[in-house]
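Note that these values count all heavy atoms, side chains included, but never hydrogens, waters or copies made by symmetry. Reminder, nothing fancy here: chain letters follow the sequence lines and each chain counts from 1.
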Number of protein chains: 2
Amino acid sequence: MQAAFHVGHRGVLPSFFVTMTIKGVVIIVNMTINVAAITVDLVLLTIRQSALHVLLIRRGIEPFGGQWALPGGFVHDDEDLGAAAARELREETGVDPSAGHLEQLATYGTPGRDPRGRVVTVAYLAMVPDLPSPVAGSDAAGAEWRPVDRAAGLAFDHDRILADGLERARAKLEYTPLATAFCPPEFTVADLRDVYETVWRTTLDPRNFHRKVTSADGFIEPTGHSVTRDRGRPAQLFRRGPATLLHPPLLRP
Amino acid sequence: MQAAFHVGHRGVLPSFFVTMTIKGVVIIVNMTINVAAITVDLVLLTIRQSALHVLLIRRGIEPFGGQWALPGGFVHDDEDLGAAAARELREETGVDPSAGHLEQLATYGTPGRDPRGRVVTVAYLAMVPDLPSPVAGSDAAGAEWRPVDRAAGLAFDHDRILADGLERARAKLEYTPLATAFCPPEFTVADLRDVYETVWRTTLDPRNFHRKVTSADGFIEPTGHSVTRDRGRPAQLFRRGPATLLHPPLLRP
DNA sequence: ACAAAAGTGTTGCGGCTACACCCATGA
DNA sequence: TCATGGGTGTAGCCGCAACACTTTTGT
């Protein structure tokens with residue numbers, strides 16, 4: 001039997017093989033250059049009750065069925081990587097990505113990290129305010145916000161991805177105004193300090209912190225409003241400023 | 001005609017199609033989940049004659065045949081991403097990756113960035129000392145060290161990747177001992193200062209620089225030797241120290 | 001009145017810039 | 001001995017940690 005074959009219109013050669021059984025004849029096409037499935041995974045962080053939480057989903061299918069994992073999924077055809085991450089964020093939380101922060105974290109492609117075959121995942125780091133609405137329903141068996149120090153034992157290499165995401169988040173609070181991504185549109189200096197204290201797992205002097213963030217150029221802007229939260233003097237409300245880098249930075253103690 | 005088909009043993013579904021002509025009958029198999037070819041590209045930097053240079057290769061084949069591009073290539077089957085980058089580095093320069101520095105930069109996968117089809121590239125940033133030997137021959141039509149400010153007009157999206165690599169390198173000199181990756185095993189404080197001045201495109205006070213780098217814990221260690229380079233008092237030789245982070249950092253002016 | 005949280009003023013320390021100054025060598 | 005680059009000392013500035021103190025609310 002002779003078979004002429006042609007691979008797609010793109011000229012990219014795949015490496016896995018396709019087996020076809022036609023009228024009892026088995027045809028195996030084996031190819032040479034490697035391809036991989038591309039997924040995006042999300043390290044999606046928020047702060048609830050002064051504790052840093054990560055969104056986990058409970059896998060409904062194999063592999064790792066029943067185990068907890070970071071939310072993620074396959075990149076669609078003709079879809080940009082960042083767009084895939086933004087889509088996942090919308091699907092999993094319902095928030096518009098522009099309300100929080102979304103950035104590429106790193107890419108993981110160790111052979112064997114997915115038992116189904118070669119899967120390269122581009123991980124993204126996202127921070128969102130504490131969402132009043134519950135997590136939007138997804139095709140997973142379940143989803144929940146988990147405190148990051150109770151998130152060990154994830155599927156795939158997601159423990160590693162989560163650790164990398166946490167370290168990135170901690171480092172970026174120092175020299176970028178990223179902390180505001182955890183806050184609602186209007187927030188107090190105490191809210192912002194709670195973000196830093198929670199992510200860094202330290203305590204900060206409220207007086208010096210206040211001075212630093214209000215004097216850092218373009219970090220936060222007063223809205224003119226104020227609120228009284230519990231007891232005590234009402235606090236001014238701020239919104240995020242236009243700065244993209246912090247001058248001077250807030251260094252970890 | 002009926003055809004039962006089965007995709008590989010891995011369970012990963014590809015998205016492109018395979019057309020087979022068997023005894024005059026055309027069979028098109030179209031699949032749903034996207035796959036991509038995975039490449040690694042290298043932003044390989046060095047310093048020659050006090051100018052920052054990047055290694056470029058002249059493409060021998062289409063697409064972008066004849067144009068200059070970053071060195072790179074396909075990730076092999078069962079090869080880790082970092083291992084593929086290290087292999088490219090060895091192939092292009094002959095240096096052992098441990099002699100310099102190699103780290104993941106970012107991943108680029110915009111549809112259409114490669115006219116052959118969906119190609120996702122994981123870019124790596126590498127720094128090596130000025131190599132006495134010329135660049136090892138490769139399968140490309142040519143290779144050369146190009147000053148970074150004369151490197152515009154590269155193939156694919158490599159202008160963007162190079163810009164991202166340069167910004168990463170500049171930022172990392174501040175708070176890591178990365179600058180030593182540009183230096184030979186033994187170097188003087190003036191050599192190290194030249195690295196900073198070249199990458200940052202500034203001038204630094206030699207006296208204050210000397211004090212800072214010799215007092216930064218674990219940054220550089222004296223070897224006991226010294227050299228006289230041109231005129232003037234002989235300079236002590238140093239090797240890189242064990243530090244992985246700089247305390248305190250050297251901030252850009 | 002008192003507790004509690006917001007916000008300001010002040011002091012002292014440590015790192016940094018700027019620059020004077022000394023050291024060791026080649027020509 | 002002079003030019004040149006290597007290396008040290010020091011004064012002043014600036015940012016920051018520490019903390020006393022004032023302001024504004026709820027109870």
Side-chain angles (χ1 to χ4, degrees), chain A residues 49-50 173-175 179 183 186-198 200 202-239 241 243 245-253, chain B residues 49-50 173-175 177 179 183 186-198 200 202-239 243 245-253:
Chain A
Q49 296 110 34
S50 294
L173 287 202
E174 290 192 309
Y175 56 95
C183 297
E186 298 208 343
F187 53 88
T188 67
V189 172
D191 293 337
L192 191 61
R193 178 162 50 86
D194 187 56
V195 171
Y196 277 90
E197 292 185 333
T198 299
W200 284 349
T202 50
T203 57
L204 299 170
D205 186 298
R207 286 100 31 133
N208 293 331
F209 183 84
H210 186 280
R211 213 192 331 262
K212 278 201 264 195
V213 298
T214 51
S215 65
D217 212 52
F219 189 6
I220 56 175
E221 295 174 335
T223 63
H225 312 138
S226 63
V227 280
T228 304
R229 212 76 102 182
D230 192 13
R231 276 174 298 285
R233 174 174 168 175
Q236 284 180 262
L237 283 170
F238 294 84
R239 60 173 151 263
L245 239 54
L246 249 37
H247 293 293
L250 278 80
L251 300 176
R252 276 181 269 192
Chain B
Q49 296 110 33
S50 295
L173 288 203
E174 290 192 309
Y175 55 94
C183 297
E186 298 208 344
F187 53 89
T188 68
V189 172
D191 294 336
L192 191 61
R193 180 163 49 84
D194 187 57
V195 171
Y196 277 92
E197 293 185 332
T198 298
W200 284 350
T202 49
T203 57
L204 299 170
D205 186 297
R207 288 108 20 140
N208 293 332
F209 183 84
H210 186 279
R211 215 192 329 261
K212 277 202 263 195
V213 298
T214 52
S215 65
D217 213 51
F219 189 5
I220 56 175
E221 295 174 335
T223 63
H225 311 138
S226 63
V227 280
T228 304
R229 211 79 97 179
D230 191 15
R231 279 172 297 282
R233 174 174 169 177
Q236 284 180 262
L237 283 169
F238 294 84
R239 61 174 149 264
L245 240 53
L246 249 38
H247 292 295
L250 277 81
L251 299 176
R252 274 180 272 192

Quick check: do [X] and [Y] have side-chain heavy atoms less than 4.5 Å from each other?
X      : Y      : result
A:D191 : A:F238 : no
B:L192 : B:C183 : yes
A:E186 : A:T223 : yes

query: At their closest point, which heavy atom of B:L245 faces which heavy atom of B:P177, and how far apart are they?
result: N-CD, 4.1 Å
- request: Quick one: label B:P248 by what it contacts on the DNA or RNA (base, sugar-phosphate, nothing), any heavy atom closer than 4.0 Å.
  value: sugar-phosphate
- prompt: Under 6.0 Å between ring centres, would you say that holds for B:F209 and B:Y196?
  reply: yes
Nucleotide N/O of nucleotides 19-23 of chain C paired with protein N/O under 3.5 Å:
{"residue": "C:dC23", "atom": "O4'", "partner": "B:R233", "partner atom": "NH1", "Å": "3.4"}
{"residue": "C:dC23", "atom": "O2", "partner": "B:R233", "partner atom": "NH1", "Å": "3.4"}

query: Roughly how far, to the nearest 0.5 Å, is the CG atom of A:L204 from the NZ atom of A:K212?
result: 7.5 Å
statement: One should read off an interatomic distance between A:R193 CZ and A:F187 CZ, to the nearest 0.5 angstrom, of 13.5 Å
Distance check: side-chain N/O of [X] vs OP1/OP2 of [N], anything under 4.0 Å?
X      : N      : result
B:Q236 : D:dG7  : yes
A:K212 : D:dG15 : no
B:H210 : D:dT8  : yes

- prompt: So what is the end-to-end bend of the helix from C:dA1-D:dT27 to C:dA27-D:dT1, with 5 pairs used at each end and the value given to 10 degrees?
  reply: 10°
- request: Taking only heavy atoms on the protein side, list every residue of residues 186-194 of chain A lying under 4.0 Å from any atom of DNA chain C, sorted numerically.
  value: A:A190, A:R193
field: A:D217, CG: over 12 other non-hydrogen atoms inside 6.0 angstrom
entry: no
Nearest-Å distance for atom pair CZ/C1', residues B:F209 and D:dG5: 15 Å
- prompt: Which whole-number value in Å describes the distance from B:R252 CZ to C:dC16 C1'?
  reply: 18 Å
- request: Could you give me the CA-CA distance, side-chain angles and deciding distance for A:L173 and A:L250, then say whether side chain to side chain contact (heavy atoms under 4.5 Å, CB included) is met?
  value: CA-CA 8 Å; A:L173 287 202; A:L250 278 80; over 6 Å; no
- prompt: Can any side-chain N or O of A:S226 pair as donor or acceptor with the backbone N or O of A:P234 at less than 3.5 Å?
  reply: no
query: Taking the side chain from A:Q236 and the backbone from A:T188, do they hold a donor-acceptor pair closer than 3.5 Å?
result: no
- request: Between A:T214 and A:R231, just flag the one whose closest nucleotide in DNA chain C comes earlier from the 5' side.
  value: A:R231
